[in-house]
Amino acid sequence: MAFVVAAIWKAKPGEEGRIQEVIKTMTPLSREEPGNLYYQAQVSPEDPTKFFLYEQYTSAQAYDDHKATEHFQKHVFGYAIEYLEAREVATYETIDV
């Protein structure tokens with residue numbers, strides 16, 4: 001079973017470049033975390049200010065650990081939030097079959 005995070009980020013008008021740079025910084029750092037199984041960001045082809053982040057972690061605790069990392073605190077909470085119009089996060093658990 002994996003703990004799944006689906007996040008939608010909506011950049012403020014004209015700030016999509018800043019958000020894309022944060023995502024490019026965060027992706028390799030997040031992928032290196034011990035509890036990370038998968039981390040991939042996408043951008044809407046219809047709306048360049050809308051980003052979808054799909055993440056998988058070994059557990060809910062691993063996701064909490066991700067949010068507590070220095071890079072998350074610095075790049076997301078310390079920088080990106082200022083340039084976002086909206087941010088939605090939903091969590092799921094995979095169904096083992």
Side-chain angles (χ1 to χ4, degrees):
M1 178 178 67
F3 188 80
V4 176
V5 178
I8 297 173
W9 289 7
K10 176 78 170 157
K12 291 179 180 175
E15 302 296 352
E16 57 271 16
R18 288 181 195 263
I19 297 304
Q20 198 162 102
E21 286 306 312
V22 168
I23 290 169
K24 287 179 180 180
T25 298
M26 285 294 297
T27 297
L29 296 170
S30 298
R31 287 177 178 169
E32 292 175 5
E33 294 170 23
N36 181 270
L37 299 172
Y38 189 80
Y39 191 100
Q40 183 62 55
Q42 290 77 214
V43 62
S44 168
E46 290 88 29
D47 181 355
T49 67
K50 190 173 183 181
F51 300 88
F52 176 71
L53 292 87
Y54 180 80
E55 308 166 37
Q56 287 189 356
Y57 297 89
T58 56
S59 65
Q61 182 61 55
Y63 175 57
D64 288 342
D65 294 345
H66 164 68
K67 293 185 296 182
T69 62
E70 182 179 339
H71 54 268
F72 190 95
Q73 292 295 313
K74 177 182 178 182
H75 298 291
V76 177
F77 284 145
Y79 182 75
I81 293 292
E82 178 181 345
Y83 300 103
L84 292 177
E85 186 174 284
R87 179 175 171 257
E88 300 173 35
V89 178
T91 58
Y92 304 87
E93 291 181 347
T94 56
I95 300 171
D96 292 331
V97 289

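Start at 1 with the first residue, then count along the sequence.
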Could you give the distance from CZ (Phe52) to OG (Ser44), rounded to the nearest 0.5 Å?
12.0 Å
Centre-to-centre under 6.0 Å for Phe3 and Tyr57, is that the case here?
no
With heavy-atom distances below 4.5 Å as the criterion, would you say the side chains of Ile8 and Lys50 are in contact?
yes
Kindly write out the residues that satisfy salt bridge (Lys or Arg N to Asp or Glu O under 4.0 Å) with Glu15, not counting sequence neighbours, or none if the list is empty.
Arg18
Nearest 0.5 angstrom please: Met26 CE to Glu21 CD, how far?
14.0 Å
Quick one: does Thr69's side chain get under 4.5 Å of Glu33's, heavy atoms only?
yes
Taking C-beta and beyond as the side chain, do Asp96 and Thr94 meet within less than 4.5 Å on heavy atoms?
yes
Counting C-beta onward and ignoring hydrogens, is there a side-chain heavy-atom pair between Lys10 and Arg87 closer than 4.5 Å?
no
Looking only at heavy atoms, the pair that brings Ala11 and Ile19 closest together is CB-CG1, 3.8 Å
Could you report the tightest heavy-atom contact between Pro48 and Val43, atom names first, then the distance?
O-CG2, 3.7 Å
Can a donor-acceptor pair be found between the side chains of Asn36 and Glu32 at a distance below 3.5 Å?
no
Calculate, to the nearest 0.5 Å, the distance between atoms CD and OG belonging to Glu55 and Ser30 respectively.
6.5 Å
Spacing of Leu29 atom CG and Lys74 atom NZ [to the nearest 0.5 Å]
9.5 Å
Apply side-chain contact (heavy atoms from CB on, under 4.5 Å) to Val89 and Val5, showing your working.
CA-CA 7 Å; Val89 178; Val5 178; 3.8 Å; yes
Between Gln56 and Tyr54: side-chain donor-acceptor atoms closer than 3.5 Å
yes
Non-hydrogen side-chain atoms of Ile23 and Trp9 separated by less than 4.5 Å:
yes
Report yes if the side chains of Glu85 and Pro13 come closer than 4.5 Å at any heavy-atom pair, otherwise no.
yes
Nearest 0.5 angstrom please: Lys12 NZ to Tyr83 OH, how far?
8.5 Å
Membership question, hydrophobic clusters at under 4.5 Å side-chain separation (ILVMFWY): are Val4 and Tyr63 in the same one?
no
To the nearest 0.5 Å, atom CG of Asp47 lies from atom CD of Glu16 at 8.5 Å
